[in-house]
Peer 1: 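Here it is, the structure in full.
We use all heavy atoms of the structure for the numbers below, so side chains are in, but hydrogens, waters and symmetry mates are not. First the proteins, then the strands, lettered A, B, ... as listed; each starts at 1. None of these values were measured; they are calculated from a predicted model.
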Amino acid sequence: MTETTKTTIGTDSSAGPITRFLRATEIDTRLLGMFGALLLIWVGFHVYGEVFKGGGSFLTPRNLWNLSVQTASIGIMATGMVLVIITRNIDLSVGAILGVTGMIMGLFQVEWMPQYVGLGSPLIWIFAVLLGITMGALIGAFHGWLIAYRGIPSFIVTLGGLLIWRGAAFLSANGRTISPVDATFQLLGGGPYGSVGAVGSWIVGILACVAILFMLWSGRQSRKRHDFPLRPMWAEIFMAALACGLVIGSVLLVNAYPWPKGILKQQNLPEDAFVSHGFAIPVLIMLAVAILMTILMTKTRFGRYVFAIGGNPEAAALAGINVKWMTLKIFSLMGALAGLSAVVASARLNSATNALGLLDELYVIAAAVIGGTSLAGGVGTIYGAILGAFVMQSLQTGMVLIGFDSALQQIVVGTVLVLAVYLDNIYRAKTK
Amino acid sequence: MHKHTGTPLVELRDISISFGGIKAVDHVSVDLYPGEVVGLLGHNGAGKSTLIKCLSGAYQKDAGEIMINGQKVEITNPRDARHHNIETIYQTLALADNLNAASNLFLGRELVTAGGFVDEARMEAETRKIMGRLNPNFRKFNVPVSALSGGQRQSVAIARAVYFNAKILIMDEPTAALGPHETQMVAELIGELKKQGLGIFLIEHDIHAVMDLCDRAVVMKNGQRVGCVNVGDVTDDDILGMIIMGKKPPQAY
Ligand SMILES: Nc1ncnc2c1ncn2[C@@H]1O[C@H](COP(=O)(O)OP(=O)(O)OP(=O)(O)O)[C@@H](O)[C@H]1O
Ligand SMILES: [Mg+2]
């Protein structure tokens with residue numbers, strides 16, 4: 001122990017400059033690779049547009065803003081799927097849970113509640129959201145109970161759930177589309193009004209930077225207190241600058257996307273006014289979920305037990321962890337997140353349709369897996385799943401922009417999924 | 001030589017458990033006194049691990065009674081066992097391979113900060129302390145235990161069992177993967193814990209280690225108890241005879 005007390009990380013001179021840099025900053029090379037892949041996809045689509053379509057439209061504030069909004073629903077669910085897959089289970093029912101909770105929330109706010117509290121009452125959207133999340137949590141808990149306490153494999157329970165809840169969604173409204181949703185509820189789906197504007201975005205950005213600096217500082221303090229090796233100061237500053245730079249860059253980006261003319265006219269603003277969208281509310285919801293889930297997974301006992309169960313379920317049980325109860329809670333959490341995604345998705349469409357969440361389970365699982373969650377269990381990160389969701393959505397959006405038809409889109413997405421997991425395998429083998 | 005008069009720390013009475021018709025443990029009784037090391041011996045598949053798993057809460061006995069300090073207790077899961085200050089080093093080590101040494105050591109009993117969050121730094125510091133005592137060469141604190149050698153993994157499992165101030169310690173072949181020096185350190189550790197008044201069940205195939213470390217030895221064969229001897233009263237050949245042929249020497253009871 002004394003041997004490491006006075007050293008700083010990454011000062012060992014035998015390694016090359018890049019290795020030393022990565023060690024000193026403790027940057028996760030996997031994360032770096034995923035960012036690189038995402039940038040490659042973005043630039044690739046943009047350049048393709050420049051060359052073949054007479055103008056790139058991918059790397060524009062408008063497109064990237066839309067991309068972020070479209071990612072929210074899958075991204076929120078992917079964070080939960082990470083826990084499910086880490087514990088060696090799978091949830092095929094998330095799209096169907098999204099569908100049925102979306103439909104029930106739609107009926108609730110359009111056909112049931114208004115007659116009691118009056119159209120536009122704030123009670124409507126608040127209770128609709130609570131209803132959706134609670135219902136998702138209960139459905140998930142029921143799945144979890146069947147899996148943990150009745151010993152039915154998760155693949156079967158949630159495959160059944162996929163069919164059952166999709167059917168239930170259809171029956172609950174007899175196949176109708178429920179529209180329009182409550183006006184306040186609609187803001188949760190984004191759009192010009194469902195965004196926080198330039199000032200709001202700066203506030204979010206500055207708070208984020210303060211939080212980043214605080215985390216780096218408190219991490220350093222705690223290492224000092226326990227005599228653990230410290231990162232060199234330049235590495236700390238580099239990390240702070242990088243993280244805050246990314247935050248500020250994204251604030252500038254979302255603020256560079258102005259309201260369209262139609263909305264300006266609605267608001268009686270001059271036609272040449274520049275009103276920024278800022279961060280869309282669903283994106284902020286996704287970020288909040290991602291932060292909370294990251295804290296849950298890395299800072300709490302619950303998260304520790306999730307990893308332990310994935311690593312060795314028998315050892316977890318012998319260490320006194322109630323594996324069955326944990327499984328039930330994990331599926332319940334997954335269901336609640338599907339309910340929250342239903343809020344975002346139905347609000348964005350301003351309606352609850354029968355197609356809501358269709359095939360989402362595949363995109364959610366793909367996002368988690370592309371993000372480095374191992375189907376063998378025990379390994380996975382929340383940020384990886386969010387990045388994975390961005391990768392999936394970027395492919396979709398990009399292919400639409402350059403005019404690939406849907407058959408070709410499917411082929412590309414499928415190929416990328418398999419390739420991503422293959423590359424990840426190689427990476428893991430190399431870094432072992 | 002050992003004339004025990006007080007109440008035993010642990011009494012396993014008439015324990016039976018079977019798996020699909022196979023009687024893995026068949027009406028076995030064993031007791032253990034404070035400051036005593038009782039060896040559990042027997043051929044592979046004799047039922048040693050299964051017996052102690054009934055005490056550690058990993059298995060539920062089909063029949064029999066468990067007494068701790070003379071009180072009848074129900075141990076239905078590993079948490080109950082920990083509650084009675086029973087710690088176990090399993091033959092399989094029972095480590096979560098994807099977690100590091102500190103996370104494994106504190107698994108299920110994580111240290112938390114005032115805010116209720118897992119206190120990673122304090123757990124690592126504590127782990128460094130105890131590993132410094134048990135295995136001073138151990139350095140791999142920040143890698144998953146899957147990256148450790150068999151012996152290093154075993155020392156993590158041992159550290160976990162001794163860290164929490166057990167009164168009853170179950171060691172299922174604790175030195176199977178250890179080198180001679182590390183084995184010697186475990187032997188010293190056992191002596192030290194014994195002095196502190198712990199009761200230790202030691203499952204061990206090496207007859208010399210048994211002769212060195214144990215006060216009494218209980219031999220099992222095909223799930224049944226062959227007999228129990230005071231190690232000081234018999235030769236290693238007597239014990240080997242019990243293990244291999246099930247032959248009880250006159251001193252046995
Ligand atoms: N979970 C189980 N399911 C079915 N049979 C089991 C189970 N656990 C143990 N057994 C059986 O019970 C018997 C006793 O096994 P046990 O592991 O207790 O042996 P042991 O004395 O510890 O042997 P070893 O010296 O090889 O560790 C064996 O026949 C084994 O196959
Ligand atoms: Mg055994």
Peer 1: How about A:W234: does its CH2 atom have over 12 heavy atoms from other parts shown lying under 6.0 Å from it?
Peer 2: yes
Peer 1: Has B:Q196 got more than 12 heavy atoms of other residues, nucleotides or ligands less than 6.0 Å from its CD?
Peer 2: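 Yes.
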Peer 1: If you check every heavy atom in residues 156-169 of chain B against those of chain A, which residues fall under 4.5 Å?
Peer 2: none
Peer 1: Quick one: which of B:V118, B:D119, B:T113 has the most heavy-atom pairs under 4.5 Å with chain A, could you say?
Peer 2: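 Heavy-atom pair counts peak at B:V118.
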Peer 1: Count the heavy atoms belonging to other residues, nucleotides or ligands that lie under 6.0 Å from CZ of B:R133, then report whether that count exceeds 12.
Peer 2: no
Peer 1: Using side-chain heavy atoms (C-beta onward) and a distance below 4.5 Å, is A:N312 in contact with B:L95?
Peer 2: no
Peer 1: What residues, two or more places apart in sequence or in another chain, satisfy side-chain hydrogen bond (donor to acceptor under 3.5 Å, both in side chains) together with B:S49?
Peer 2: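 Expected list: B:Q91, B:D172.
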Peer 1: Between the main-chain N or O of A:G311 and the side-chain N or O of B:D97, is there a donor-acceptor pair closer than 3.5 Å?
Peer 2: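 Such a contact is absent between B:D97 side chain and A:G311 backbone.
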Peer 1: Considering only heavy atoms, which portion of B:A147 lies under 4.5 Å from any heavy atom of chain A: side chain, backbone, both, or neither?
Peer 2: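 Contact with chain A involves no heavy atom of B:A147 at all.
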Peer 1: Could you tell me which of B:G57, B:G132, B:A94, B:G115 has the largest number of non-hydrogen atom pairs under 4.5 Å with chain A?
Peer 2: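 If we count pairs closer than 4.5 Å to chain A, B:A94 comes out on top.
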Peer 1: How far does OG1 of A:T300 sit from CZ of B:F117, to the nearest 0.5 angstrom?
Peer 2: 8.0 Å
Peer 1: Against chain B, label A:I295 side chain, backbone, both or neither, depending on which of its atoms sit under 4.5 Å from a heavy atom there.
Peer 2: side chain
Peer 1: Quick check on A:F155: does its CZ atom have over 12 non-hydrogen neighbours (other residues, nucleotides or ligands) under 6.0 Å away?
Peer 2: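 Counting neighbours around CZ of A:F155, 12 or fewer heavy atoms of other residues, nucleotides or ligands fall under 6.0 Å, so no.
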Peer 1: Assess whether atom CD of A:Q221 is packed by more than 12 heavy atoms of other residues, nucleotides or ligands within 6.0 Å.
Peer 2: yes
Peer 1: Hey, could you give me each pair passing salt bridge (Lys or Arg N to Asp or Glu O under 4.0 Å) that has a residue in residues 286-308 of chain A? Not counting sequence neighbours.
Peer 2: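 Listed by first then second residue: A:R301-B:E110, A:R304-B:E120.
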Peer 1: For the CD1 atom of A:I321 and the CZ atom of B:R79, what is their distance to the nearest 0.5 Å?
Peer 2: 9.5 Å
Peer 1: Could you list the residues that satisfy side-chain contact (heavy atoms from CB on, under 4.5 Å) with A:L31, not counting sequence neighbours?
Peer 2: A:D28, A:F35, A:Y383, A:L387
Peer 1: Tell me whether B:R109 contacts the main-chain N or O of A:G320 through its side chain, where contact means a donor paired with an acceptor under 3.5 Å.
Peer 2: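 A pair under 3.5 Å: no.
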Peer 1: Which value, rounded to the nearest 0.5 Å, describes the distance between A:F307 atom CZ and B:L99 atom CG?
Peer 2: 8.0 Å
